Chemist: 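Have a look at this one before I ask anything.
Computed from a predicted structure; not experimentally measured.
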Amino acid sequence: AMAAERALTMVTCTAPPNIAVIKYWGKRDNDLILPINSSLSVTLHQDQLKTTTTAAASRDFTEDRLWLNGQEADMGHPRLQACLREVRRLARKRRGGSNEDVAPLSLSYKIHIATENNFPTAAGLASSAAGYACLVSVLARLYGVEGELSEVARRGSGSACRSMFGGFVQWQQGERPDGRDSLAHQVAPETHWPELRVLVLVVSGEKKHVGSTSGMQTSVDTSPLLKHRAEVVVPERLEQMIRHIQERDFEGFGQLTMQDSNQFHATCLDTFPPIFYLNDISRRIIALVHRFNAHHGCTKVAYTFDAGPNAVIFTLADTVAEFTEVVRRSFPPATNGDQFIRGLPIGSASLSEELLTAVVTETLPGAIQYILHTKPGPGPQLVDDPSQHLLGADGLPRRCA
Ligand code: DP6
């Protein structure tokens, strides 16, 4: 049967978050979401962190509807509307140019969208990046659009364009005012560096902070350091970072990752009025990482922080157990002792007296809620199994929160 004749057409996709090692901070165009500098990120594995989105279209639907984690939400959000409009525009363009005799899904049908994260928003990992990458993937599939989609995901959230690919991903700032060259592309696949691991250290306490969108706007308006960063520092660092990744040089990769995170937070301090994303626990994690590396005489672990206090740690597989034990000794779990480590399994490590004395110099019980262990992963995936759809045959959410 032709798609348009079916009562209901439904597609489900999953998409990953990503963590930038060369940060995006600042727009030159707020509506098109065009950045003032290029950026580079690592896509995280969807076994541990993913957004799932189902989209359905039907001639029987009377309005567009959206559910976030089971709760109905406003479909009118301008960025969501921009993504929807752009995918439909690409679909129209594609259909105009082809002479397929299969009637495509009608672009005038109303749609229902349900989306869910398998990770708590408290993890502070840009859920908007995974969310918009997932939305665009699912809509593209629904309307039969293929090809370059990072440009559309970018309209949802800047960092979302990097979640359209797995592994190591660059978002090229582009030069054109219309944004057609502001795209993401893969620098290396997730298989390129099999030993690379990621530890998300979820810190305790309130999660209130200035949102990225408004924070970066104030930085663009007031920070001379941000201007210097975008014009001078990032172009050099991007090239270096790509080289470190290509050579799987953890020393170089880790150092530059920490330096770029620190410069991003320095531009926040240089913003007027200043923005503070790091808290005291973040700073203690930074100090701990430096003591750990100093003890080993090289860069064994590297931290990076986005617009919140949680640390994302990069390391290699052979260091995970030892560093995790150091974190556990420094920030002993308050209550959830057995849930302290989540994600990929971690072996046990016994720490030498020497390391303990040099590195575990203070203890802050309860300061870290849990550690999520993951690794680089692939880009958005189509979910074939219909039992995984978040919407039922009636077009309404299957499970309610
Ligand atoms: C600090 O992509 O969330 O995580 O484009 O306004 O939606 P909008 O901002 P967003 O900013 C991410 C900022 C960052 C750094 C990064 O991911 O590169």
Side-chain angles (χ1 to χ4, degrees), residues 1-15 46 50-118 121 127-128 130-149 151-157 160 163-164 380-401:
M2 291 184 283
E5 289 176 351
R6 270 188 266 138
L8 185 74
T9 307
M10 200 181 288
V11 178
T12 299
C13 288
T14 64
Q46 292 171 65
K50 74 175 174 216
T51 296
T52 303
T53 304
T54 298
S58 167
R59 62 172 168 239
D60 300 331
F61 292 164
T62 52
E63 53 177 345
D64 289 337
R65 294 179 76 181
L66 169 71
W67 290 268
L68 301 175
N69 294 311
Q71 300 275 68
E72 185 145 23
D74 178 21
M75 187 82 182
H77 195 288
R79 289 178 171 197
L80 197 154
Q81 286 296 325
C83 290
L84 191 52
R85 192 172 59 239
E86 287 304 301
V87 174
R88 284 178 170 153
R89 192 177 58 78
L90 292 174
R92 225 169 267 123
K93 200 168 114 189
R94 191 178 145 85
R95 287 169 196 185
S98 79
N99 45 8
E100 289 173 59
D101 47 20
V102 178
L105 179 71
S106 170
L107 289 164
S108 62
Y109 288 177
K110 299 294 181 196
I111 58 167
H112 286 186
I113 298 166
T115 186
E116 236 166 50
N117 293 330
N118 75 341
T121 13
S127 56
S128 68
Y132 278 109
C134 205
L135 176 79
V136 169
S137 303
V138 93
L139 290 176
R141 196 73 192 205
L142 190 72
Y143 293 119
V145 174
E146 279 164 0
E148 173 51 54
L149 292 168
E151 192 187 345
V152 183
R154 194 198 71 225
R155 299 293 300 274
S157 185
S163 277
M164 295 303 283
Q381 310 275 314
L382 176 71
V383 178
D384 285 316
D385 177 4
S387 76
Q388 299 298 303
H389 289 319
L390 300 179
L391 297 168
D394 57 357
L396 296 173
R398 281 181 144 156
R399 282 159 289 174
C400 282

Chemist: Identify the two heavy atoms, one from Cys134 and one from Thr53, that lie closest to each other, and give their separation to 0.1 Å.
Modeler: SG-OG1, 3.3 Å
Chemist: To check you understand the geometry: which heavy-atom pair defines the closest contact between Ala133 and Ser163, and what is its length?
Modeler: CB-CB, 3.6 Å
Chemist: With rounding to the nearest 0.5 angstrom, report the CG to CD distance, Leu390 to Glu116.
Modeler: 5.0 Å
Chemist: Just by distance, do the side chain of Thr54 and the backbone of Thr12 share a donor-acceptor pair under 3.5 Å?
Modeler: no
Chemist: Please report the shortest heavy-atom distance between Leu8 and Gly392, naming the atom on each side.
Modeler: CD2-O, 4.1 Å
Chemist: Answer whether the closest heavy-atom distance between the side chains of Arg59 and Ser106 falls below 4.5 Å.
Modeler: no
Chemist: Decide yes or no for Glu146 and Arg94: does some side-chain heavy atom of the first lie under 4.5 Å from some side-chain heavy atom of the second?
Modeler: yes
Chemist: Taking the side chain as C-beta and beyond, is there a heavy-atom pair between Leu80 and Asp74 under 4.5 Å?
Modeler: no
Chemist: Measure the CD1-CZ distance between Ile113 and Arg65 for me, rounded to the nearest 0.5 Å.
Modeler: 12.5 Å
Chemist: Apply side chain to side chain contact (heavy atoms under 4.5 Å, CB included) to Leu66 and His77, showing your working.
Modeler: CA-CA 11 Å; Leu66 169 71; His77 195 288; over 6 Å; no
Chemist: Among all residues two or more places apart in sequence or in another chain, which pass the salt bridge (Lys or Arg N to Asp or Glu O under 4.0 Å) test with Glu148?
Modeler: none
Chemist: Would you check if the side chain of Gln81 reaches a backbone N or O of Met75 as a donor-acceptor pair within less than 3.5 Å?
Modeler: yes
Chemist: For the residue pair Ala160 and Ala153, what are the closest heavy atoms and their distance?
Modeler: CB-O, 3.6 Å
Chemist: To the nearest 0.5 Å, what is the distance between CD on Gln381 and CG on Asp384?
Modeler: 10.0 Å
Chemist: I need the Arg85 CZ to Arg155 CZ distance, nearest 0.5 Å.
Modeler: 6.0 Å
Chemist: How long is the span from the CZ atom in Arg79 to the CZ atom in Arg154, to the nearest 0.5 Å?
Modeler: 11.0 Å
Chemist: So, the side chain of Arg88 versus the backbone of Leu139: is there a donor-acceptor pair under 3.5 Å, distance only?
Modeler: no
Chemist: Any donor and acceptor pair, going by atom type alone, linking the side chain of Asn117 with main-chain N or O of Asn69 inside 3.5 Å?
Modeler: no
Chemist: Which atom names give the shortest non-hydrogen contact between Leu391 and Arg398, and what distance separates them?
Modeler: C-CG, 3.7 Å
Chemist: For residues Lys110 and Thr62, report the shortest heavy-atom separation together with the two atoms involved.
Modeler: CG-C, 3.8 Å
Chemist: Can you check whether Thr51 reaches Tyr132 side chain to side chain, under 4.5 Å on heavy atoms?
Modeler: no
Chemist: Roughly how far apart are Glu86 CD and Leu149 CG, rounded to 0.5 Å?
Modeler: 11.0 Å
Chemist: Is there a side-chain contact between Ile111 and Leu142, using heavy atoms and a 4.5 Å cut-off?
Modeler: yes
Chemist: Parallel, tilted or perpendicular for His112 and Phe61, by the 30°/60° rule?
Modeler: parallel
Chemist: Is there a donor-acceptor pair closer than 3.5 Å between any side-chain N or O of Thr115 and the backbone N or O of Thr52?
Modeler: yes
